[in-house]
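These values consider heavy atoms only, across backbone and side chains, with no hydrogens, waters or symmetry-generated copies.
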Amino acid sequence: GLGAAKPLGVVGHSLGEITAACFAGALTLEAALDLAVLRAELGHRAEAERPGQMVAVMRLPVAEVEWLRRSVLARRPGVLEVAVVNSPTQVVLSGDRALGEAVLVEVEAAGGVGHRLPIGGAFHSPVMAGAVAPFAEALRAALRRPRLPVVTSALPAARTDPGELADAMARCLVLPVDWPGTIAALAGLGVTAAVDAGPGDTLVRLARYEPGVAFSPLPAVDPT
């Protein structure tokens with residue numbers, strides 16, 4: 001997120017925290033790419049050890065999604081966690097693959113819309129616990145003090161200390177993304193308008209639920 005007049009802070013949604021840290025000057029481009037590759041590798045390792053799945057649930061209130069999640073776990077114990085809260089009616093669940101499939105059936109029966117995310121690994125759940133330490137180590141070695149505050153999405157706060165930023169970004173592998181809380185933290189920096197660097201326009205569409213910060217698409221660049 002960029003302030004309307006001048007940059008006041010940057011924010012990244014989940015994996016986008018690496019991009020945000022790079023833009024803020026906390027990572028070189030090479031280090032950011034290396035961290036993105038490492039994060040993917042850690043996800044694939046966790047997937048090989050314990051097959052996981054991430055499921056987006058839409059058109060149901062957060063409380064109803066939580067009821068369905070707990071109902072599934074009552075019948076089939078395992079890991080099925082709230083991984084992302086994007087808006088009052090858009091939640092992502094993450095955990096064991098079998099439980100992800102089970103909750104999709106419950107979502108459809110309740111009148112919601114659910115779909116499997118094309119992601120290899122149950123990010124933002126305890127399935128990723130073993131990845132936190134190696135990712136944190138790599139982050140601490142690469143991060144430096146940013147020139148702009150970086151707002152982290154799993155532990156929403158504006159951060160400039162490299163050590164605190166590394167811990168927050170590493171814990172994001174297990175902790176859920178709180179997007180409304182993230183936008184509130186961004187607004188706390190004085191940001192009222194932001195640019196969604198993409199890909200896509202997901203954050204622009206979610207912005208209607210958080211009117212304190214108005215997101216707009218990245219302006220098109222004329223190659224000529």
Find out whether the Lys NZ or Arg CZ of R39 is both under 6.0 angstrom from the six-membered ring centre of F123 and within 45° of the ring's axis. yes
Do L165 and E17 have side-chain heavy atoms sitting under 4.5 Å apart? no
Tell me, with the steps shown, if I183 and F215 meet side chain to side chain contact (heavy atoms under 4.5 Å, CB included). CA-CA 10 Å; I183 298 306; F215 277 76; 3.6 Å; yes
Salt-bridge present (R97, E47; N to O < 4.0 Å): yes
Cluster overlap M128 with L38, hydrophobic side-chain contacts below 4.5 Å: yes
Is any side-chain heavy atom of L206 closer than 4.5 Å to one of E210? no
Heavy-atom side-chain contact between V82 and V65 under 4.5 Å: no
Do side-chain atoms of H124 reach the backbone of L175 as a donor and acceptor pair under 3.5 angstrom? yes
Do any N or O atoms from the side chain of R159 and from the backbone of T152 form a donor-acceptor pair under 3.5 angstrom? no
Is it the case that over 12 heavy atoms from other parts of the model lie below 6.0 angstrom from the CD atom of E137? no
With distance as the sole test, does D201 use its side chain to make a donor-acceptor pair with the main-chain N or O of V204 at under 3.5 Å? no
Would you say V92 and L73 are hydrophobically clustered, going by side-chain heavy atoms of ILVMFWY under 4.5 Å? no
Counterpart residues, side chain to side chain contact (heavy atoms under 4.5 Å, CB included), relative to L189 (two or more places apart): P149, V151, A158, L186, V191
First locate atom CZ of R70, then atom CG of L68, and finally report the distance between them rounded to the nearest 0.5 Å. 12.0 Å
Taking H13 as the fixed residue, which of T19, N86, D196 is the one that meets the side-chain hydrogen bond (donor to acceptor under 3.5 Å, both in side chains) rule? N86
Any sub-3.5 Å donor-acceptor pair from R171's side-chain atoms to A168's backbone N or O? no
Please check: side-chain N/O of D161 versus main-chain N/O of E164, any donor-acceptor pairing under 3.5 Å? yes
Test side-chain hydrogen bond (donor to acceptor under 3.5 Å, both in side chains) on S94 and Q53 and set out the steps. CA-CA 6 Å; S94 180; Q53 187 165 277; over 6 Å; no
At what distance, to the nearest 0.5 angstrom, does CD1 of I18 lie from CG of L33? 9.5 Å
Can a donor-acceptor pair be found, under 3.5 Å and without considering hydrogens, that links the side chain of S87 to the backbone of T89? yes
Considering only heavy atoms from C-beta outward, does the side chain of V84 approach that of P176 to under 4.5 Å? no
Do V113 and V57 touch side chain to side chain, with heavy atoms closer than 4.5 Å? no
On a heavy-atom basis, the closest approach of P156 and A185 is C-CB, 4.2 Å
Which pair of heavy atoms, one from A56 and one from L117, lies closest together, and at what distance? CB-CD2, 3.9 Å
Does R75 come within less than 4.0 Å of E106, counting only side-chain N to carboxylate O? yes
Shared hydrophobic cluster, L15 / L93 (ILVMFWY, side-chain heavy atoms < 4.5 Å): no
List the atom of L35, the atom of A142, and the distance in Å for their closest heavy-atom pair. CD1-CB, 4.3 Å
Do V177 and V91 share a hydrophobic cluster (ILVMFWY, side-chain heavy atoms under 4.5 Å, transitive)? no
Pairs involving residues 56-65, ordered by first then second residue, that meet side-chain hydrogen bond (donor to acceptor under 3.5 Å, both in side chains) (sequence neighbours left out): none
Donor-acceptor pair, distance only, cut-off 3.5 Å: does the side chain of S125 make one with the backbone of V127? yes
Heavy-atom neighbours of E41 CD exceed 12 at 6.0 Å: yes
Which atoms form the tightest heavy-atom contact between G25 and R144, and what is the distance? O-NE, 3.0 Å
Minimum heavy-atom distance between A31 and T28, given as atom pair plus value: N-OG1, 3.0 Å
What do the steps show when you test F135 against L42 for side chain to side chain contact (heavy atoms under 4.5 Å, CB included), and what is the final call? CA-CA 8 Å; F135 196 52; L42 292 170; 3.8 Å; yes
Apply the test side chain to side chain contact (heavy atoms under 4.5 Å, CB included) to residues L60 and V107: give CA-CA distance (whole Å), side-chain angles for both, the deciding distance (0.1 Å), then the verdict. CA-CA 8 Å; L60 290 177; V107 167; 4.2 Å; yes
Taking 4.0 angstrom as the limit, do D167 and R140 come out as a salt bridge? yes
I'd like to know if R45 and E49 make a salt bridge, using a cut-off of under 4.0 Å between side-chain N and carboxylate O. no
Verdict with reasoning, L80 to V72, per side chain to side chain contact (heavy atoms under 4.5 Å, CB included): CA-CA 9 Å; L80 184 64; V72 168; 4.2 Å; yes
Linked, directly or transitively: M169 and V132 (ILVMFWY side chains, under 4.5 Å): yes
I want to check something: taking the side chain as every heavy atom from C-beta on, are W179 and V11 in contact at a cut-off of under 4.5 Å? yes
So which atom in L143 and which in A21 form the shortest heavy-atom distance, rounded to 0.1 Å? CD2-CB, 4.4 Å
One should read off an interatomic distance between L29 CG and C22 SG, to the nearest 0.5 angstrom, of 5.0 Å
Can you find a pair of side-chain heavy atoms, one from F23 and one from V150, that are under 4.5 Å apart? no
Hey, are the side chains of V79 and L99 touching, using non-hydrogen atoms and a 4.5 Å cut-off? no
